[in-house]
Amino acid sequence: MSKVLMKGNEAFAEAAIRAGCNCYFGYPITPQNEIPEYMSHELPKAGGSFVQAESELAAVNMAYGAAAAGGRAFISTSSPGLALMQEGLGFICSTEVPLVVLNVSRGGPGVGGIQPGQADYLQVTRGGYNGDAKTPVFAPAGIQECVELIYEAFDIADKYRNPVIIFADGMMGQMMEPVELPEKKPLISAEQIRTQKPWAITGTDHHDGRNVVYSLRLQPDVLEAHVEHMFEKYAKAERELARYKTSNLDDAEIVFVAFGTMSRLCAEAVELLEAQGIKAGVIRPISLWPFPDAAFDEIGDKTKLVISTELSMGQMVFDVKAAVNGRWPVGLINRTGGVVPSSVEIAERAKKLLEEVK
Amino acid sequence: MISGPRKIAVTGHFGSGKTEFSVSLAFAMSRLCSDRLAICDLDIENPYFRSREKQAALENAGVRVYSDPFNGRNGSELQTISAAVRAPLEDAGCRVICDCGGDSVGARVLNQFRKYFTPGDHRLLCVVNCGRPGTDTPEKAAAHIRAIEDATGLSVTGLISNNHLIRYTEPEHIFEGWEFTKEVEAITGIPALAACCMETLVHSVEGRGFDVFPIGMHMRDTYLDREV
């Protein structure tokens with residue numbers, strides 16, 4: 001299949017359609033507005049339903065209902081919009097309903113700005129919802145990877161009966177790249193919903209009794225048993241979903257840890273440092289939860305410093321420190337508020353941090 | 001284009017490469033002509049990748065940049081255009097490039113400046129990119145051009161071919177884009193003027209019977225072509 005030139009947000013929407021998404025609920029927010037716009041004219045052509053909700057709260061709860069009825073549901077938003085959706089996401093985790101959520105993130109807190117940000121790291125990996133729940137989170141570093149992750153995320157959500165979050169910063173949504181789009185999957189039929197999702201609310205005409213999707217469990221022991229069941233799923237997810245890529249770890253003095261746009265900047269910073277005689281490598285977490293701790297076991301014995309590199313005041317750095325577990329000093333290089341540093345700035349700051357630990 | 005009318009407005013399908021073309025044209029003009037130069041960023045659609053982001057480099061090259069009332073530092077979703085954009089349009093000694101937003105929706109902004117675009121005193125260019133899903137047939141591209149003309153009340157005077165796959169671009173993409181744009185010319189009667197081509201590929205596509213316009217990749221920072 002040949003490549004086509006697409007803007008990130010267009011490609012993400014098309015990836016969802018090709019994954020068999022049959023219902024999308026959207027509310028505009030920059031920098032992801034091209035997604036609801038694209039879905040509004042393309043999803044109906046593919047046999048699906050597009051609804052422009054009146055708010056992010058409405059969008060997530062419409063998706064909750066559609067997914068509870070067996071729909072292959074998709075929502076997208078950007079950082080402050082995701083904050084508004086948190087209550088719904090908690091309910092969806094509790095009721096074990098599959099949903100794919102795309103966060104094309106921007107600067108915060110509050111309304112913040114519209115330039116790229118990664119300060120939702122804690123929001124997406126820890127959740128802003130109440131109670132004990134977890135959400136698999138994948139952070140692509142390019143449009144092609146994001147397309148493939150969205151395509152697969154629908155199946156992961158179905159398998160684990162849980163929301164899956166794709167965390168693509170604003171640069172991913174707004175940039176353009178050549179993309180090879182995957183084959184379009186057929187829409188799930190009513191009969192397939194009944195056989196593949198026997199828990200779904202599909203009416204009472206085809207089986208005895210009725211299905212109920214609910215999160216209210218008033219007896220403490222019943223609720224505890226349900227949460228323990230959820231955590232059995234999460235333990236399985238931790239074993240199965242951790243993903244990462246590495247480069248140049250073998251003889252690296254400095255190891256950058258970076259995801260999304262920052263990983264591309266770090267790749268260029270590695271070249272700049274190499275030209276100055278300093279070996280550096282990169283660990284790129286693709287899954288942010290589960291965090292790919294195993295990647296850090298690949299760090300060689302020449303490494304003197306691990307640097308978490310982020311578009312936030314430092315949020316992933318806590319996971320990096322946990323994964324490092326005292327084996328190397330951990331530094332932080334960051335910008336926030338929508339400011340994207342240059343690779344030159346990253347290389348210079350990395351050199352200073354290296355001098356401090358030598 | 002350097003020796004033609006002093007006002008050039010650049011339109012095209014969403015994502016066709018208008019801004020990269022406009023910025024490259026501004027830099028080329030700064031090297032080749034001694035007139036006062038200006039670029040008006042009239043894009044009120046895109047939040048990123050707008051010509052105003054290259055304001056410092058353009059002004060170092062002698063190109064005055066006009067955009068929003070916050071002098072390009074408006075990071076909000078309030079898409080506004082400074083009244084100052086009228087200055088270079090009224091200045092008979094200034095060559096000006098107007099970089100519009102995508103599609104007819106983005107081009108519509110030219111309506112409020114229509115009095116500055118009278119027949120014969122300007123070029124209204126349309127960037128044609130056959131690699132984009134919305135303009136992948138000559139008929140679709142022609143329909144976009146008609147929509148832009150309907151929205152602006154102006155006639156497109158020239159077509160610029162801009163087929164590319166960024167770092168994956170091969171000379172064949174340039175040839176394919178030119179042939180496609182000639183088909184659009186046949187449908188619309190609007191002349192195909194040139195084919196854009198990354199500077200590094202120019203030597204591979206010259207001498208094939210069409211003008212080549214070198215594109216500088218000014219809007220794409222180098223780190224975006226790195227990956228782990």
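Please read all numbers here as calculations on a predicted model, not as lab measurements. Sequence lines set the chain letters: A, B, ... in the order given, protein chains first and strands last, and positions in each chain run from 1.
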Discussion item. If you apply the rule salt bridge (charged side-chain N to carboxylate O under 4.0 Å, His left out), what do you find for A:Glu271 with B:Arg226, and how did you get there?
Written reply: CA-CA 10 Å; A:Glu271 294 174 17; B:Arg226 303 291 191 278; 2.7 Å; yes

Fill in: Proximity breakdown for B:Asn163 and chain A, heavy-atom pairs closer than 4.5 Å
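Neither part; nothing is under 4.5 Å.
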
If you measure from [atom1] on [X] to [atom2] on [Y], what distance do you get to the nearest 0.5 Å?
X	Y	atom1	atom2	value
A:Glu268	B:Thr222	CD	OG1	3.5 Å
A:Asn33	B:Glu45	CG	CD	11.0 Å
A:Ser342	B:Tyr223	OG	OH	10.0 Å

Looking only at non-hydrogen atoms, find the nearest pair between [X] and [Y] and report the distance.
X	Y	value
B:Tyr168	A:Pro178	CD1-CG, 3.4 Å
B:Leu224	A:Glu177	O-OE2, 3.9 Å
B:Val228	A:Ala267	CG2-CB, 4.0 Å

Measure distances from [X] to the heavy atoms of chain B and classify the residue's part below 4.5 Å as side chain, backbone, both or neither.
X	answer
A:Glu34	side chain
A:Val344	neither
A:Ser247	both

At a heavy-atom distance under 4.5 Å, which candidate from [options] has the highest pair count against chain B?
options	value
A:Ala141, A:Gly338, A:Gly170	A:Gly170
A:Glu145, A:Met175, A:Arg264	A:Arg264
A:Arg284, A:Met6, A:Lys245, A:Met176	A:Met176

Fill in: Winner by heavy-atom pair count (cut-off under 4.5 Å) against chain A, out of B:Arg167, B:Arg132, B:Glu227
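Between B:Arg167, B:Arg132, B:Glu227, the count favours B:Arg132.
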
Worksheet item: For chain A, which residues from residues 138-159 of chain B have at least one heavy atom closer than 4.5 Å to it?
Response: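 Answer by number: none.
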
Discussion item. I want to check a possible cation-pi pair here: A:Lys7 against B:Phe14, using under 6.0 Å from ring centre and within 45° of the ring axis as the test.
Written reply: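 Pair A:Lys7/B:Phe14 does not count as cation-pi.
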
Discussion item. I need the full list of salt bridge (Lys or Arg N to Asp or Glu O under 4.0 Å) pairs touching residues 22-31 of chain B, with sequence neighbours left out, sorted by first then second residue.
Written reply: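 Pairs touching residues 22-31 of chain B that pass the test: none.
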
